[in-house]
Amino acid sequence: MNVRRRLIPAALASALGLGALTACSSDSAATGNTDKFDVVASFYPMAFLAEQIGGGHVNVTSLTEPGQEPHDLEISTRQRAQLEEADAALFLKGLQSAVDEAVAQTGIKTKIDAASLTTLEDHGTGGHSHEGEEGHAEEEGHSEEEEHARDPHVWLDPVKYAEIAEGVGKAFEKADPDHAADYKKNTEALVAKLNGLNGDFENGLKNTRTKVFFTNHAAFGYLAERYGLTQEAISGLDPESEPSGARVRELQEEAKADGVTTVFYETLVSDKTAKTLARDANLKTDVLDPLEGITDKSRGDDYFQVMEANLKALRKALGAK
């Protein structure tokens, strides 16, 4: 059950997705020179960690606007200035090259790379590319091996997200020692909540009629691996492109063989691809949110609410008992 695609190199992996500002994030213009610990986060999962761990001691700004496609992000002169003025930058290296470059070029003292706080894995066929990127990779002359990049979607695995949270907490304690005790306490509370979420997923997905689920965005490799599931992405093209006839036939056969009932799509991209496959294969559609951002279309107001909604959708689609 291989997804016929090639992974793109890390430098092109910005299309893997960034999200929105959290509801309680400050306006971007407010960053820097406040009386709080100023943190610039690259996208929603990083901003959420900073806010949960920092509490009232931090002023958090996300570089990615609500609903913005991450690979479209270009760091503005104002955002570069915000980075220079901030006390810390929290990002996931390899996910968004524009952010990686901007952070590297700043003199900011505390640079927290979430990718270094857990183990990133190569899920082989689990990666994805967006329109034009695979061709770009070929133009650059990347080898087959180089096109296998590590999957950055670690925040969709509560266990790995908790590992990152612990590392972020320690970094905050070191950078802002006056509030170290509160950072430590908040980190412990967040990790406990993430452990509880992991337990919910373990119990909720333990007994299911099928272990296979279809997505149009291969973001759920870590989640699938953690809970013994198999993710199948529709195609290696843009999420809004229709799959090839051959791929549709292949997935139709697999759906019958593995008892797949549902094709998942996301809140931030068109459901056209999923509905095309679902219509041709006589399957249902539903949302599985990769949590690259929170918008008014999200099934929840924060990470935990949306993850619980994801669990509910997976249980229904997989025939949980």
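If you read the sequence from its start, that first residue is 1, and numbering goes on from there.
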Separation between [atom1] of [X] and [atom2] of [Y], rounded to the nearest 0.5 Å:
{"X": "Gln52", "Y": "Leu190", "atom1": "CD", "atom2": "CG", "value": "5.5 Å"}
{"X": "Lys211", "Y": "Tyr227", "atom1": "NZ", "atom2": "OH", "value": "12.5 Å"}
{"X": "Leu49", "Y": "Glu166", "atom1": "CG", "atom2": "CD", "value": "11.5 Å"}
{"X": "Ile53", "Y": "Thr187", "atom1": "CD1", "atom2": "OG1", "value": "4.0 Å"}
{"X": "Asp296", "Y": "Asp301", "atom1": "CG", "atom2": "CG", "value": "10.5 Å"}
{"X": "Thr208", "Y": "Leu314", "atom1": "OG1", "atom2": "CG", "value": "9.5 Å"}

Are the side chains of [Y] and [X] in contact, using a 4.5 Å heavy-atom criterion?
{"X": "Trp155", "Y": "Leu92", "answer": "yes"}
{"X": "Asp176", "Y": "Asp87", "answer": "no"}
{"X": "Phe220", "Y": "His153", "answer": "no"}
{"X": "Leu311", "Y": "Asp200", "answer": "yes"}
{"X": "Tyr44", "Y": "Ile294", "answer": "yes"}
{"X": "Ile234", "Y": "Thr215", "answer": "no"}
{"X": "Thr230", "Y": "Phe213", "answer": "no"}
{"X": "Val99", "Y": "Leu63", "answer": "yes"}

CG of Asp178: more than 12 outside heavy atoms within 6.0 angstrom?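 Result for CG/Asp178: enclosed.
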
So which heavy atom on [X] is nearest to which on [Y], and how close?
{"X": "Pro152", "Y": "Leu95", "value": "CG-CD1, 3.4 Å"}
{"X": "Met46", "Y": "Ala114", "value": "SD-CB, 3.6 Å"}
{"X": "Ile112", "Y": "Ala171", "value": "CD1-CB, 3.6 Å"}
{"X": "Ala320", "Y": "Gly204", "value": "CB-O, 3.7 Å"}
{"X": "Val40", "Y": "Ala86", "value": "CG2-CB, 3.7 Å"}
{"X": "Val58", "Y": "Ala50", "value": "CG2-O, 3.7 Å"}

Salt bridge (Lys or Arg N to Asp or Glu O under 4.0 Å) between Arg299 and Asp286, worked out: CA-CA 12 Å; Arg299 292 179 174 176; Asp286 201 356; 2.8 Å; yes

In terms of ring plane angle, is the pair His179 and Tyr183 parallel, tilted or perpendicular, where the classes change at 30° and 60°?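 Judged by the thresholds at 30° and 60°, the geometry between His179 and Tyr183 is perpendicular.
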
Would the distance check show the side chain of [X] and the main-chain N or O of [Y] forming a donor-acceptor pair, the cut-off being under 3.5 Å?
{"X": "Thr64", "Y": "Ser42", "value": "yes"}
{"X": "Lys111", "Y": "Thr106", "value": "yes"}
{"X": "Gln252", "Y": "Asp280", "value": "yes"}
{"X": "Gln79", "Y": "Ser76", "value": "yes"}
{"X": "Thr261", "Y": "Ala317", "value": "yes"}
{"X": "Glu266", "Y": "Leu288", "value": "no"}
{"X": "Asp258", "Y": "Val212", "value": "no"}
{"X": "Ser298", "Y": "Gly300", "value": "no"}

Who pairs with [X] by salt bridge (charged side-chain N to carboxylate O under 4.0 Å, His left out), at least two apart in sequence or on another chain?
{"X": "Asp113", "answer": "none"}
{"X": "Glu188", "answer": "Lys184"}
{"X": "Asp271", "answer": "Lys275"}

Only counting residues at least two apart or in another chain, list the ones meeting side chain to side chain contact (heavy atoms under 4.5 Å, CB included) with [X].
{"X": "Leu283", "value": "Phe214, Ala255, Val263, Ala278, Ala281"}
{"X": "Lys297", "value": "Thr267, Thr295"}
{"X": "Ala246", "value": "Ser244, Arg249"}
{"X": "Asn203", "value": "Lys206"}

Strictly by side chain to side chain donor-acceptor pair (under 3.5 Å), give each pair with a member in residues 302-321 just once, sequence neighbours left out.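 Output for this query is empty, none listed.
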
Which residues pass the ring pair (Phe, Tyr, Trp, His ring centres under 6.0 Å) test with Phe91, not counting sequence neighbours?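 Once residues adjacent in sequence are excluded, Phe91 has no partner under the ring pair (Phe, Tyr, Trp, His ring centres under 6.0 Å) criterion.
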
Solution key, residues 156-163 side-chain donor-acceptor pairs under 3.5 Å, sequence neighbours excluded:
| residue | atom | partner | partner atom | Å |
| --- | --- | --- | --- | --- |
| Asp157 | OD1 | Val159 | N | 2.9 |
| Asp157 | OD1 | Arg226 | NE | 3.1 |
| Asp157 | OD2 | Arg226 | NE | 3.0 |
| Asp157 | OD2 | Arg226 | NH2 | 2.9 |
| Lys160 | NZ | Thr119 | O | 2.8 |
| Tyr161 | OH | Pro45 | O | 2.7 |
| Glu163 | OE1 | Thr118 | OG1 | 2.5 |

Partners of Asp182 by side-chain hydrogen bond (donor to acceptor under 3.5 Å, both in side chains), sequence neighbours excluded?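 Expected list: His57.
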
Linking I/L/V/M/F/W/Y whenever their side-chain heavy atoms sit closer than 4.5 Å, directly or via other members, would [X] and [Y] fall into one cluster?
{"X": "Phe304", "Y": "Ile164", "answer": "yes"}
{"X": "Ile108", "Y": "Val39", "answer": "no"}
{"X": "Leu291", "Y": "Leu229", "answer": "yes"}

For side chain to side chain contact (heavy atoms under 4.5 Å, CB included), just list the numbers for Asp122 and Asp151, CA-CA rounded to whole Å, side-chain angles, deciding distance to a tenth of an Å, and then say yes or no. CA-CA 6 Å; Asp122 178 0; Asp151 182 354; over 6 Å; no

Through direct or indirect side-chain contacts below 4.5 angstrom among Ile, Leu, Val, Met, Phe, Trp and Tyr, which residues connect to Val287?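 Members alongside Val287: Tyr265.
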
